[in-house]
Amino acid sequence: MSGIEGDESEQLKSIVETQVAVKLEAHDNLLSQMSRQMNQMIEEMEALQDVQGDLVAEEKAEAREIRMKLKKAKEEARKKNSDKDEGRDRNADVEDTLSDLKQEKKKKKKKKMGGDKAKRRRTTKLSPAAQDKKLSIEMKPRGRIVGKVVEHNFGGVEVAKKRSNQKLTEFNAPRCATVGKGGLDVEKQREAQALSQVKYPQCRSVVYAPAAEMAAKAMSKGYANNPLDKPPVAPAPDTKLEIDFVHGYHNSGLYPAQRNNTFYLKTGEIVYPSAALVIMYNQESHTQNFFKGHSDEVSCLTIHPNGNFVASSQGGRFPPIFVWDSTKRLEGANFLSDESHLSTLNGHDNRVGSLDFAHDGKLLVSVGADASNTAVVWDWKAGVALTSHSCGSHQVFDMRFNPYQVYGLPDMPPLPGQAPNEDDAIYTLTSCGVRHIKFWVLLRSQDEDSGEMRWYLEGNSVNYAQKTTVQDITCFDFIDDSKELSIFDSESGKITRIKGSTERSHSRVVAGTSDGDIFVFKQPEVKLRYGSGQKTPKPWWAMEDGKEGSGVVMKRLWDSFATIVGIVPHNVSSGNKYILARRQREEIDRLTTKLRLQSHNSDLKKRLEAMYYTGPVGHRGGTCMIAFNKKTKLLISSGSDGKMRVWDANVGVHEREWGVATSGGLEDTGDEYGLKLGEILHYGAAGRSISWPKSGSKMVVGTSTNSILEVKFDTADRSLGHVTELVSSHFGALSGIAMHPTKNIFVTVGKDRSVNLWLGDGNTCASQARLSAPATSVCFHASGDFIAVGLTTFEFVVLKVEDEGNFSFKLRKNFQKHVAPIKLEDADVATTDRVSDVPDDRGGGGRKGGGRGAGLNRRSSNIGEKEQSVFAGVGIGNEAVLPSHGQKRREGRGSGQLKDEIMDLKYSPDGANLAIALRDNNIYVYQISNASNMEGDYKLLIVMKGHTSMVTNLDWSADSDFLMSTGGDAELLYWQIRQLKNEKKDPSFRPCQFAHPFLLRDMRWSSWTSIYGWPVQGIWPTDIKESSDPVRGVMRSNRGEVLLVADDYARVRLQRWPSLPGDKVREYHGHAMHCKDAKFSANDGSVVSIGGADCTIIQWKHLDNHGKPVNWVNGVSPRRPTAVRTPRSTANKSRQRRTTTYQTAVAASSSMSKVDEVTEVKADVKKAREEKKRKKQKQQQQQQQQQQQRVAAKGRGKEDETRGGEVVEEKKDDGGGARGGSRRGSKEKAKEDKVKTNFPKKVVALFDYEPEDEEELEFKEGDVMMVYSQDDGWYSGKTKGGKSGILPANYVKEA
């Protein structure tokens, strides 16, 4: 009994719990319903308040009008008061008029209020008048919005509705027409707009989801109850990017290189840095390989003495130093394998500015850019720091081992020239920088505390001994003055010399200064003696059995300081100051003073000139780089004056026999043996990196204009010869890129005042044009024959692209003009700069100080006008030199932005218009009347005002009727440029702002570069705290499947189109600074990205998921069928998968109404599902019949007969259906019958396929399967193993 009672109690308990749960659920539903009703009441009250506010304003206006009419009537009555009766009649008329006006006022008020207020509060919907009022507020053009913001949770995306009574911004253009506005159902339009509007934090404007998106939501069961649910997260794109080629070289970025960073590898390739990549360039095949280990800009690199190992480091905090093997390439790829990594060194807190291997490659020295400029010496193989020392507080440019003054670590056994043991080893080093040159010794000594032998680094500055002033030392190199090695030959018992060897005991250090002087230093050797006779010990390799009779072996030691032994001044006056004796200088001063009083005394002039310094002079404007070659015994120097000069170092000549003792043994061979880079590359180019290999027949030169040259050297004639440009790029910050509409050609512009036209397939620069001012943006004409370039000077330039055949192009200037007539009130930013009369040295003919970036690579002002003319107006190759226009003056600080800078410009798809966005918040639209695109063909159509900040991006619609623009204040506006084709022509129509962006949600845009909008929500971080404007550029692919994003974190991102919050992305690194922009080629097969300050252009391969290049034009790249933003289908609904992309869905929805009628969509969906179910049942019956007939059939003939019988039966069924219902045309029926006769059939898999749902089949490339029917791009069939399911039709072909 107790057991039965326990069971009953448990049942009662469960019943009570169930009842309680039901009541709680009902209670929760009641609360949620009350909450929704409360929100509706709040919205109604707010809308009612808006209406009441308008009514109050109207009442005041009407009362004012009544008072004015009454006053006017009284005045008229007073004037005509002569007749009493007539006056009474007039007063009666006035009173009647007043009463009529009051009655009319009451009627209007009653009509607008719509009845009792209490009754309105009890209703659940707004009245039509209030709804119309609300809709009109939400669809007004955006001006300055001030009002209450009501925020709602929108499935993870914030939605905000802004209401305001503020008046709209006044526009100069007339009121615009609307798209398809006539005959719209306002109620349905209001409902569709409310469902599709989206507001996310990064964009101020409300954006609207396309009709296809809303239809997909309605078709999905997951969205049936709440269409505003957050869509599912999309996977990363099927396509990917790979680096193909890089145009660029690091020597004029944020930290210009002050030492060599271009070298020859043992393989003959050239290694150099660009952005965050180290590039190995093969000249013969014109290909590149990359080291991709760095995450920031490569700040320095050096090469190991074996010619294969490379050490490189980067900027940023806690930069690593990588040592890697350049020969370990990954087969079939253009980057290194994992085996290439040799060592990673960590020890610096800030950017590493210098690296150098010792002559034997056993040690590595690095200098960091921290406050103390710490130098660290590494045993890089063991990854251990041996010692470190501060170089001082001033910036250090370079620190290197002296390869000709060293007693290095021994091998096992030690070789001649090496120390006999580790404790006797000693190295000498030199460092240079701002007001800094130090000479160091690295040696082992006993620690006072522990008593162990440790490495120590000791250095001291130079004592100039009043010979010159302290200057910035920009570069240095070493001259070998040592004798050849003399070793003891055990066979002959004599001392023999080894030809080509060196004792590494004596050296000179030649250093260049910021003024252009060349200093020669010596680091003296400490000679150790022994015995009473003070004998000099011999080296161990010159002694029999390695020892002398006394047992004393020579131990080398050098002082940690140096003395200056020679000066080459940069001009005659410096020579007088540094070289001449004190009495000579005093005599020159006396004669100069006397000549001021006797200016016409020719004898005095000759006497004075005879006393001047007559020796060799250095470079004007600064010495950039010095390089010594041991084989030729010559020295080459490069200066800011654009010259490379050859010097005889007098190696092996005693100091007494030097031609000019004061120059430290350096003799100038003359200008005829040198090279003038300024005449070849223009822009004041100077060699900042010179690598002169041992052969001496050629050298690689990195210039200040980010070019790399290979210069031939004639060893017999001892002169510089032929020059070949291997790498070219911009040397000012890149600012714009544009792709040719049909060819794989692109154009780039930058702050260096140049336009470069590149061949995407040939990876070369085809042509170049020079501008009169820094460029900010660029675009191609729809025909591809013209290029428009925006400048910083309120001007734009149109260039013609002339195709000369055989992949040869030339840029020719059509015209250059101001965007709009300069107004008097803009004179402060549009007048010619008259501040300075010093000519600009960049060849443009302008003035210093004009235009943004005017100081790029400006040379010193002490260069004469005669020398400056060398750089003006000289062109090479296909370069077009454009004349300068009057430069504009910049107000405020020198680094500020120009008010009249062009931010963006775009040609319309039909080529009939050019839209230009300026920093003055306006958009200027030009109408092009002729295909020749000359200056007279460009007429200003309209100046459109509406943005409250600078306009950053422009995009045209595919039909060229509409323009989309984004502003710096995160605002998205739309403009109507033409009347629609289906509208009645209005002669008074002018372009204007389009007031109803909701109606443009299904508009096809020719391009999408806007960083705001519904399809690009996913480009922003999901965390609002991290969304501080990180996106620089956006572009949708021409096929419309993927999206390119360039951001401030130097990344190129690949995302699906459209991209919604939370979607997966693919990230690619290569740039160092912010990535300015990225573009797809015409066929989407390649991508080009540009960096900002890193001056690097990267070409990427765009590959599909099978590793093949994407080719949109030929359509040879099969792609996986994807759904239109619908949730992942379950196993029993996998047949509902759609193969349409976003673009096809939008095209299909274009035949629908411009407004998304949600109720009709749901009805259509229901009908489509029923039709789908009926078709599915019919297909299953057909499959069963086919399977039965296939089993019964024996042989090929019987199988064919069975197929014929199937066709007959299907025709009968269709005929019966036609008799009972609708009839189809004979052509359509024949076509359908033809398709049905193809089944069943065998298919072969083209690619591997991994299923996502249970009903999908998994197969590998080459598998043979049997298919029975096709539905929406999916086959129904089975594999050889007998498994049945569905498979994508574009992954297989008929066997």
Side-chain angles (χ1 to χ4, degrees), residues 249-263 271-279 291-304 309-324 326 341-358 361 363-401 429-434 436 438 440 442 457 459 473-476 688-689 702 1050 1069 1071-1073 1093-1094 1096:
Y249 160 62
H250 168 68
N251 224 321
S252 67
L254 188 60
Y255 299 103
Q258 299 290 345
R259 63 146 299 159
N260 283 343
N261 60 0
T262 54
F263 300 93
V271 59
Y272 59 93
S274 183
L277 301 170
V278 180
I279 303 170
F291 175 73
K292 304 179 182 179
H294 293 285
S295 59
D296 207 327
E297 184 175 31
V298 179
S299 55
C300 57
L301 64 85
T302 187
I303 189 171
H304 193 275
F309 298 167
V310 179
S312 58
S313 189
Q314 64 185 49
R317 295 285 293 168
F318 307 107
I321 301 172
F322 297 111
V323 184
W324 42 279
S326 63
H341 178 265
L342 299 176
S343 181
T344 301
L345 310 175
N346 294 284
H348 290 282
D349 296 336
N350 211 331
R351 182 180 64 93
V352 177
S354 174
L355 288 172
D356 189 56
F357 281 105
L363 302 179
L364 177 70
V365 62
S366 61
V367 180
D370 52 78
S372 302
N373 294 286
T374 305
V376 182
V377 180
W378 305 85
D379 180 358
W380 63 269
K381 290 184 179 179
V384 177
L386 301 179
T387 184
S388 63
H389 199 284
S390 172
C391 294
S393 58
H394 294 292
Q395 182 183 359
V396 176
F397 298 149
D398 195 8
M399 187 171 186
R400 296 164 59 191
F401 287 97
L429 302 93
T430 304
S431 62
C432 70
V434 176
H436 169 95
K438 279 189 177 182
W440 308 75
L442 175 68
L457 188 62
I473 306 299
T474 57
C475 55
F476 63 88
R688 281 186 173 168
S689 172
H1069 299 268
H1071 290 283
M1073 307 297 177
D1094 63 16
T1096 300

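Remember, it's a predicted structure, so these values are computed and weren't measured experimentally. Side chains included, hydrogens not; waters and symmetry mates left out as well; all remaining heavy atoms used.
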* **Closest non-hydrogen atom pair, Phe397 against Ile473** => CD1-O, 3.4 Å
* Asked: Yes or no on side chain to side chain contact (heavy atoms under 4.5 Å, CB included) for Asp349 and Arg317, after CA distance, side-chain angles and deciding distance?
  -> CA-CA 6 Å; Asp349 296 336; Arg317 295 285 293 168; 4.3 Å; yes
* **Note, Leu457 side chain near Leu429 side chain (heavy atom, < 4.5 Å)** => yes
* To do: For residues Trp324 and Val278, determine if any side-chain heavy atom of one lies less than 4.5 Å from a side-chain heavy atom of the other.
  => yes
* With sequence neighbours excluded, what pairs up with Trp440 under the side-chain hydrogen bond (donor to acceptor under 3.5 Å, both in side chains) test? -> Ser431
* Which atoms form the tightest heavy-atom contact between Leu442 and Thr387, and what is the distance? -> CD1-CG2, 3.7 Å
* With a 4.5 Å limit on heavy-atom distance, are the side chains of Asp398 and Asp356 in contact? -> no
* To do: Give a yes or no on whether the backbone of Ser390 and the side-chain of Ser372 come within a donor-acceptor separation of less than 3.5 Å.
  => no
* Asked: Rounded to the nearest 0.5 Å, what separation is found between the SG atom of Cys391 and the CE atom of Met399?
  -> 5.0 Å
* In Å, rounded to the nearest 0.5 Å, how long is the span from OG1 of Thr1096 to CD of Glu297? -> 7.5 Å
* Side-chain donor or acceptor of Asp370 paired with backbone N/O of His348 under 3.5 Å -> no
* Asked: Would you say Ser343's side chain and Val323's backbone share a donor-acceptor pair under 3.5 angstrom?
  -> no
* Would a distance-only check, ignoring hydrogens and angles, find a side-chain to backbone donor-acceptor pair under 3.5 Å from Asp296 to Pro319? -> no
* Asked: About how many Å separate CZ of Phe291 and CG of Leu301, when rounded to the nearest 0.5 Å?
  -> 10.5 Å
* Judged by atom type as modelled, is there a donor-acceptor pair below 3.5 Å linking the side chain of Ser299 to the main-chain atoms of Val352? -> yes
* Asked: Considering only heavy atoms from C-beta outward, does the side chain of His250 approach that of Asn261 to under 4.5 Å?
  -> yes
* Among Ile321, Leu345, Leu363, whose side chain to side chain contact (heavy atoms under 4.5 Å, CB included) with Trp380 holds? -> Leu345
* Asked: Do Ser313 and Phe322 have side-chain heavy atoms sitting under 4.5 Å apart?
  -> no
* To do: State the CD-NE2 distance between Gln314 and His294, to the nearest 0.5 angstrom.
  => 6.0 Å
* Should we say atom NZ of Lys381 is surrounded by more than 12 heavy atoms from elsewhere, each under 6.0 Å from it? -> no
* Between Lys438 and Thr430, is any pair of side-chain heavy atoms under 4.5 Å apart? -> no
* Asked: Looking at Cys432 and Cys475, what are the two nearest heavy atoms and their distance?
  -> SG-N, 4.2 Å
* Supply the atom-to-atom distance Asn260 CG to Arg688 CZ, rounded to the nearest 0.5 angstrom. => 13.0 Å
* Asked: Considering only heavy atoms from C-beta outward, does the side chain of His1069 approach that of Ser295 to under 4.5 Å?
  -> no
* Quick one: pull up CG in Leu355 and CD1 in Ile303 and give me the separation to the nearest 0.5 Å. => 13.0 Å
* Asked: Is it true that the side chains of Ser388 and Thr374 contain a donor and an acceptor less than 3.5 Å apart?
  -> no
* Asked: Counting distance only, does the side-chain N/O of Arg400 pair as donor-acceptor with the main-chain N or O of Phe476 below 3.5 Å?
  -> yes
* Heavy atoms only: give me the nearest Ala276-Ala1072 pair and the separation to one decimal. => N-CB, 3.9 Å
* Asked: Does any non-hydrogen side-chain atom of Tyr249 lie less than 4.5 Å from one of Ile279?
  -> no
